[in-house]
**Q** 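This is the structure I want to talk about, given as structure tokens.
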Amino acid sequence: MTSLKKQVSLNWLLPFLFLAPAFILYAVFFIVPVFYAGFLSFAQWNLISPNIEFIGLENYKNLFEDSIFWISLWNTCIYAVATVFPSMAIGILLAVFIEASGKSKSFFRTVFFMPVVASIAVTALVWMLLMSPNNGYINSVLKIFGIKGPNWLNDPQWAMLSIIFVGVWRTSCYNMVLYIAGLKGLDRQLFESAKIDGAGPVKSFLYITFPLLGPVNLFVLVVSLIQSFQVFTTINIMTHGGPNNATNVLVYQVWQEAFQFFDIGRSSAAAIVMFFLVLAVAIFQIHLIERNEKHSD
Amino acid sequence: MKLHTGLVLNKVTLLILLGFCSFIVLLPIIWMIIFSFGETSKNSGLLSLIPQNISLKGYIQVFKTTPFLRWLQNSLFVAVVQTFLQVFIGFFAAYAFTRLKFPGRTILFYFVLATMVIPTQALMIPTFVTINFFNMINTFAGVIVPYIASGYAIFLLRQYFMGVPQALVDAARVDGCGELRTMWHIYFPVSLPSIGALAIILFVSHWNEYYWPLLVLTDEKIMTLPIALVRFRNEGIIEWMPTLAASTMATLPVILLFILTQKSFVEGFTSSGIKG
């Protein structure tokens, strides 16, 4: 009995021991920076000078009066919506097709995951070359069909679409693997019995596969939304937020204010706005997931 | 597995469709590899449909003018150490979140999820100042340490752990295993394939990491590959031959790693990863 008591008292300590390393690091490299970022958003600083001047809500006021801020906020949402939903649809279809392709299954899985394995910086550089206006690969191919391709990355009408295309290209492939994982977890017998009942392929996808993938859909939605809110590398390499802010997004603005204009206060204010925006979306999604987990219990 | 054969009208059509999609998906990567062996000609240059001349000039320039092998070593070191530490620290945290009951568990887990949501770029300035405070600018520690506690690793490990059958755990309990032994003898081996998959994912993402190393590592000798690649873009003019050659050499190792581990990678991802 005494040994049991001893174990119980030890067990009380155990979770904190297990969590300590992670949370000490979080404290130093996450919590402190978050508050410091918050503090800096009320200050004027150029990153180099020893003087940090407290100026209250001035940075926020400036930011909200700045039309570029609203443009980049809008662009962030456009990019997220236009990237996430198509790449979920493409991802799920690719997954279903690949799983049905028999022996070549593992070959196609490997192929379709390449865009995720290659670095975004490298692929952004390559896409940029492919999208060159005059003699780029894409426009050269279009020329064969008698189409004069646009200036993909420098035309305000096409620039965001091109960035979204590269985003969909990569995210679809990422989602494909998540969906393959989800498909594996489904009960095979359901499909057998649906087949016996005479359900066609489209029907069994719509009425069995898709609803059963509900939790996976949520997970994929969370992951890809969070990722697309953070889009930066493609924009930084391919368009620099241009032309005329057509591809400027929140993260890019945060970076620009800090490292191009050395306005740390404004940059931090934009970062704080983004922080709350993304956090709100995330909490909403986590709430949905928790509800889902309770349902399946 | 003939799980979804029902959806397929015709296997040949399916293979043609997938083949066509593969071509689109792989186009930039194949193009990069082919043109890294190309040579710039004055008129159409790199931007023609096929390279005009086959040459190794880009590769020769990379090895002659830069410490490329050193960068390769640096990348390997940073990616391996960071991956190991993230999985190690994450393993204990995830176990606590999955198995142990303690006050504040839900809130602390929300906190971990929140850390995943905050874009690194948003915290870059304060993190940079913190690194500077610890004198870690221009060191590998400066690249690695701030991101050892990984919400992504903790989150996925917890997902894997939740898939460990309760019967196994109960059996271990009956045999008198405490938490540490349950963790080591049940959770570790059962989720090992998933942990391997997670490690590969983390490794690849650190190998490709760009912005944080760019801020921390300014000394050429200590640079990692992705930030070194931009050095061929000096003075606004992009030198495509060495850029494509170096990009190809930076990309092939991870592609190779992925092809070799493809099976365990997807299996690990699938076996217990996303169960809903």
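Numbered from 1 within each chain, the chains take letters A, B, ... in sequence-line order.
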**Q** For each of A:A20, A:S119, A:S106, tally heavy-atom pairs with chain B at distances under 4.5 Å, and name the one with the top tally.
**A**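 Answer, by heavy-atom pair count under 4.5 Å with chain B: A:S119.
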**Q** List, one per line, each side-chain donor-acceptor pair under 3.5 Å for residues 225-233 of chain A, sequence neighbours excluded.
**A**
from, atom 1, to, atom 2, distance (Å)
A:S228, OG, A:S224, O, 3.0
A:S228, OG, A:L225, O, 3.1
A:Q230, NE2, B:V117, O, 3.1

**Q** Mind checking the CG-CG spacing from B:L244 to A:L129? Nearest 0.5 Å is all I need.
**A**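 One finds 6.0 Å between CG of B:L244 and CG of A:L129.
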**Q** Considering only heavy atoms, which portion of A:V254 lies under 4.5 Å from any heavy atom of chain B: side chain, backbone, both, or neither?
**A**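 Interface part for A:V254: side chain.
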**Q** Between A:V126 and B:F35, is any pair of side-chain heavy atoms under 4.5 Å apart?
**A**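 They are not in side-chain contact.
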**Q** Report the C-alpha separation of A:F29 and B:I148 in whole Å, then their side-chain angles, then the decisive distance to 0.1 Å, and conclude whether the side-chain contact (heavy atoms from CB on, under 4.5 Å) test is met.
**A** CA-CA 9 Å; A:F29 293 105; B:I148 289 177; over 6 Å; no
**Q** Residues two or more places apart in sequence or in another chain: which of them pass side-chain contact (heavy atoms from CB on, under 4.5 Å) with B:P226?
**A** B:S75, B:Y210, B:T224
**Q** Could you tell me the separation between the CE atom of A:M114 and the CD1 atom of B:I255, rounded to the nearest 0.5 Å?
**A**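 A:M114 CE to B:I255 CD1: 5.0 Å, rounded to 0.5 Å.
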**Q** Working to the nearest 0.5 Å, report the span between CZ of A:F107 and CD1 of B:I259.
**A**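 Going from CZ on A:F107 over to CD1 on B:I259, the span is 9.5 Å.
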**Q** Name the region of B:L113, side chain, backbone, both or neither, that has any atom closer than 4.5 Å to a heavy atom of chain A.
**A** side chain
**Q** Taking every non-hydrogen pair under 4.5 Å, which of B:P28, B:A250, B:G151 racks up the most with chain A?
**A**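 Between B:P28, B:A250, B:G151, the count favours B:P28.
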**Q** Counting only heavy atoms closer than 4.5 Å, note whether B:L215 contacts chain A via side chain, backbone, both or neither.
**A**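 Contact with chain A is through the side chain of B:L215 alone.
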**Q** Any side-chain heavy-atom pair from B:F102 and A:L14 closer than 4.5 angstrom?
**A** no
**Q** Donor-acceptor pair, A:W169 side chain versus B:V25 backbone, under 3.5 Å?
**A** yes
**Q** Any side-chain heavy atom of A:I120 sitting closer than 4.5 Å to one from B:N208?
**A** no
**Q** Tell me, for B:V129 versus chain A, whether the close heavy atoms (under 4.5 Å) come from the side chain, the backbone, both or neither.
**A** side chain
**Q** Quick check for you: to the nearest 0.5 Å, what is the distance between B:L26 atom CG and A:C173 atom SG?
**A**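 The distance works out to 8.5 Å.
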**Q** I'd like to verify something: which residue of B:F88, B:F97, B:Y147 has the highest number of heavy-atom pairs under 4.5 Å with chain A?
**A** B:F97
**Q** Is there a side-chain contact between A:F30 and B:T127, using heavy atoms and a 4.5 Å cut-off?
**A**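 Heavy-atom side-chain distance check fails, nothing below 4.5 Å.
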**Q** Do you know which two heavy atoms are closest between B:I154 and A:A22, and how far apart they sit?
**A** CD1-CB, 4.4 Å
**Q** So, for B:L18 and A:L94, which heavy atoms are closest and what is the spacing to 0.1 Å?
**A**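 The pair with the smallest heavy-atom distance is CD2-CD2, 4.2 Å.
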**Q** Please classify the contact of B:I125 with chain A as side chain, backbone, both or neither, using a heavy-atom distance under 4.5 Å.
**A**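 Side chain only.
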**Q** Given heavy-atom pairs under 4.5 angstrom as the criterion, report whether the side chain, backbone, both or neither of B:F111 touches chain A.
**A** side chain
**Q** Select, from A:N236, A:T123, A:V28, the one with the greatest count of heavy-atom pairs under 4.5 Å involving chain B.
**A** A:N236
**Q** Is any residue of residues 268-275 of chain A within less than 4.5 Å of chain B by heavy atoms, and which ones?
**A**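 Contacts with chain B: A:A271, A:M274, A:F275.
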**Q** Give the member of B:T248, B:I89, B:I24 that has the highest number of heavy-atom pairs under 4.5 Å with chain A.
**A** B:I89
**Q** Of the backbone (N, CA, C, O) and the side chain (C-beta and beyond), which part of A:I31 lies under 4.5 Å from a heavy atom of chain B, both, or neither?
**A**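 When you check distances to chain B, only side chain atoms of A:I31 fall under 4.5 Å.
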**Q** Checking heavy atoms, do the side chain of A:F16, its backbone, both or neither come under 4.5 Å from chain B?
**A** side chain
**Q** Any side-chain heavy-atom pair from A:P15 and B:Y95 closer than 4.5 angstrom?
**A** no
**Q** Check whether A:F39 gets within reach of chain B through its side chain, its backbone, both or neither, counting any heavy atom under 4.5 Å.
**A** neither
**Q** Is B:T130 in contact with chain A via its backbone, its side chain, both, or neither, using a 4.5 Å heavy-atom distance?
**A**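 The side chain, not the backbone.
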**Q** Quick one: closest heavy-atom pair of B:P126 and A:Y36, and the distance?
**A** CB-CD2, 3.6 Å
**Q** Is B:S150 close to chain A through its backbone or its side chain, or both, or neither, when contacts mean heavy atoms under 4.5 Å?
**A**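 Just the backbone, heavy atoms under 4.5 Å.
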**Q** Mind listing the closest non-hydrogen atom pair of B:T251 and A:A118 along with its distance?
**A** CG2-CB, 3.8 Å
**Q** Please flag which part of B:L252 lies under 4.5 Å from any non-hydrogen atom of chain A: side chain, backbone, both or neither.
**A** neither
**Q** Would a 4.5 Å heavy-atom cut-off, applied to side chains only, mark A:L17 and B:F92 as touching?
**A** no
**Q** Counting heavy-atom pairs under 4.5 Å to chain A, which of B:C21, B:A94, B:S205 comes out on top?
**A** B:C21
**Q** For residues A:F18 and B:F91, establish whether the separation of their ring centroids is below 6.0 Å.
**A** no
**Q** Under the rule for side-chain hydrogen bond (donor to acceptor under 3.5 Å, both in side chains), what residues qualify as partners of B:R173, not counting sequence neighbours?
**A** B:E179, B:T182
**Q** Examine whether an atom of A:F35 lies under 4.5 Å from a heavy atom of chain B, and if so say whether it belongs to the side chain, the backbone or both; otherwise answer neither.
**A**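 Looking at A:F35, nothing touches chain B.
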**Q** For A:Y26 and B:V112, indicate whether the former's side chain and the latter's backbone hold a donor-acceptor pair under 3.5 Å.
**A** no
**Q** Quick one: which of A:V116, A:T110, A:L40, A:L25 has the most heavy-atom pairs under 4.5 Å with chain B, could you say?
**A** A:T110
**Q** Where do B:S22 and A:F108 come nearest, in terms of heavy atoms and distance?
**A**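 B:S22 and A:F108 have their closest heavy atoms at OG-CE2, 3.3 Å.
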